[in-house]
Amino acid sequence: MTISGPVTGAVEDPAAVVARLLAPEGPGDPYPLYHALRSAGPVHRAGNIHFVSGYAECQAVLGGPEFRVQDPEWYDSNLPGWRDNTATRLMYQSVQSRNNPDHNRLRRLVAGAFSPRRMAGYAEVIDRVTDGLLDRMAQAGADGGRVDLMEQLAYPLPTAVIGEILGVPEADREHFRDLAVDFFRVMDIVTDHETRERMDTAAAALLEFWTGMVGERRRAPREDLTTELVAACDAGLLSQDELLGIAMFLFSAGYGTTAALLGNATEQLLTHPDEAARLRAGECAVEAVVEESLRHETPTQIAPRLTGEDCTVGGVDIPAGQLLVCLLGAANRDPARYEQPDRFWPSRPPGRVLSFGGGVHYCIGAALSRMEATRVLPRLLRRFPRLAPAGPRLRRPALRMRLHTSFPVSL
């Protein structure tokens, strides 16, 4: 199999670019590095990993059935002892880390929670929670002081929504959201010792919580996804570890991607006031703004895959069993795919972004994340017509996700 072809020309050493991308402190702005890497060609090897930065190549890898994800069998061969660690044992047995037939088996058990009928019901939850959070923002900024958009809106909204879906008690959501941040670092490419310690501590606390939740649902079923997963487990459709892993993954991923999208989209709108004015006035479709934000500042920047057979990607021959990392943020700014790719331009011709992956592993919560953003952004801008940045914005220092940790604004 051959995917696309090579690009030639004098460019910066790709190995040096990859080293800067993977620096422990994380790239403050990865996009110049992505451009430098892609200008040398869409695929480059660094150590034992091939990094894919071209749109066409990433699209083919994400959608190709011959490419696989790292699953328990792969981890058994490449990461001995992973089953002895709480974080890796649960995360690497969840739905996103399984190939077929296990992937389809587990995904079917979750898919009902994201059906069109269920999604329609979530709209009311999103609107109700959003209005309450905007009221809280107004109170916090009533004296003219700064308000942190992430803490007041972008984090608590998706936490509340995924909490409703899973049945997490409202009083526990914010606390376990903070733990989920540390637990989800298990998905990063590079972590240091301190990060791994926080990750293990968070995983232990989350395991205790979710074990209690599962036991409670066995005693007193409710109308939530956790109850559905418990019933499936008791029917022999998934193991206890798979159940816990799915619940912990969905809660962690269910808030993080949407929080990143809300922060990123708001930043782009505030730094492009003409676009904000058009959205506020209803002169442009909010769906177009959300899609352009997903392209311009991709929340989840990477998607690893394994070659299931010998193949050629971007002119590079890659044997079976090799690890590829699709750089989604690079693909979504590929000038071969998008005109003026570094420009935030909601009225650009529509095109499929790769922000939620592709193929059988396409993000199951993509529609929910888009729904949250499309319902929140107009409400935010109309409620606070003078909304403006009020200080430096901080981002999480990691390659995997473009997520603000702080975003001060004035109302």
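Remember, it's a predicted structure, so these values are computed and weren't measured experimentally.
Checked against ring-ring contact (aromatic ring centres under 6.0 Å, His included), Phe176 has the following partners two or more places apart in sequence or in another chain: Phe209.
No donor-acceptor contact under 3.5 angstrom links the side chains of Thr201 and Asp182, judged on distance only. No side-chain donor-acceptor contact under 3.5 Å links Arg402 and Gln301. Residues Glu372 and Tyr255 have side chains that never bring a donor and an acceptor to within less than 3.5 angstrom of each other.
Sparse packing is recorded around CG of Asn48, with 12 or fewer heavy atoms of other residues, nucleotides or ligands lying under 6.0 Å away.
Applying the salt bridge (Lys or Arg N to Asp or Glu O under 4.0 Å) rule to pairs touching residues 247-269 yields Glu267-Arg393, Glu267-Arg395, sequence neighbours excluded. Each ring-ring contact (aromatic ring centres under 6.0 Å, His included) pair with one or both residues in residues 383-411, not counting sequence neighbours, appears once here: His404-Phe407.
Cys311 approaches Val313 most closely through the heavy-atom pair SG-CG2, 4.0 Å. Here the closest non-hydrogen pair linking Pro299 and Ala260 is CB-CB, 3.8 Å. For Gly167 against Asp224, the heavy-atom pair with the smallest separation is CA-OD2, 3.6 Å. Contact record, Gly358 with Arg352: CA-NH2, 3.7 Å, taken as the closest heavy-atom pair. Among all heavy-atom pairs drawn from Asp200 and Ala87, the shortest one is OD1-CB, 4.3 Å. When all heavy atoms of Ala390 and Val409 are compared, the closest pair comes out as CB-C, 3.6 Å.
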Give the table of side-chain donor-acceptor pairs shorter than 3.5 Å for residues 119-130, with sequence neighbours excluded, one pair per line with atom names and distance.
residue, atom, partner, partner atom, Å
Tyr122, OH, Ala113, O, 2.5
Glu124, OE2, Arg128, NE, 3.4
Asp127, OD1, Arg375, NE, 2.8
Asp127, OD1, Arg379, NH1, 3.3
Asp127, OD2, Arg375, NE, 3.4
Asp127, OD2, Arg375, NH2, 2.7
Thr130, OG1, Ile126, O, 2.7

For residues 158-166, which side-chain donor-acceptor pairs fall under 3.5 Å, sequence neighbours excluded?
residue, atom, partner, partner atom, Å
Thr159, OG1, Tyr155, O, 2.7
Glu164, OE2, Arg173, NH2, 3.4

Give every donor-acceptor pair under 3.5 Å between a side-chain atom in residues 236-251 and any protein atom, sequence neighbours left out.
residue, atom, partner, partner atom, Å
Ser239, OG, Glu242, N, 3.1
Gln240, OE1, Arg218, NH2, 3.2
Asp241, OD2, Arg89, NE, 3.0
Glu242, OE1, Arg105, NH1, 3.1
Glu242, OE1, Ser239, N, 2.8
Glu242, OE2, Arg98, NH1, 3.0
Glu242, OE2, Arg98, NH2, 3.1
Glu242, OE2, Arg105, NH2, 2.9

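Both the sub-6.0 Å distance and the 45° axial angle are satisfied by Arg333 relative to the ring of Tyr31.
Taking the six-membered ring for Trp and thresholds of 30 and 60 degrees, His296 and Phe344 have ring planes more than 60 degrees apart, a perpendicular arrangement. The aromatic rings of Phe356 and Tyr362 lie perpendicular to each other, with more than 60° between the two planes, well past the 30° mark. Under the 30°/60° scheme for interplanar angles, the aromatic rings of Tyr338 and Tyr55 are found to stand perpendicular.
In this structure a side-chain-to-backbone donor-acceptor pair under 3.5 Å is present from Thr211 to Leu207. The backbone N or O of Glu297 lies less than 3.5 Å from no partner atom in the side chain of Asn332, so there is not a single donor-acceptor pair. Put simply, the side chain of Asn104 never gets that close to the backbone of Asn100: no donor and acceptor are under 3.5 Å apart.
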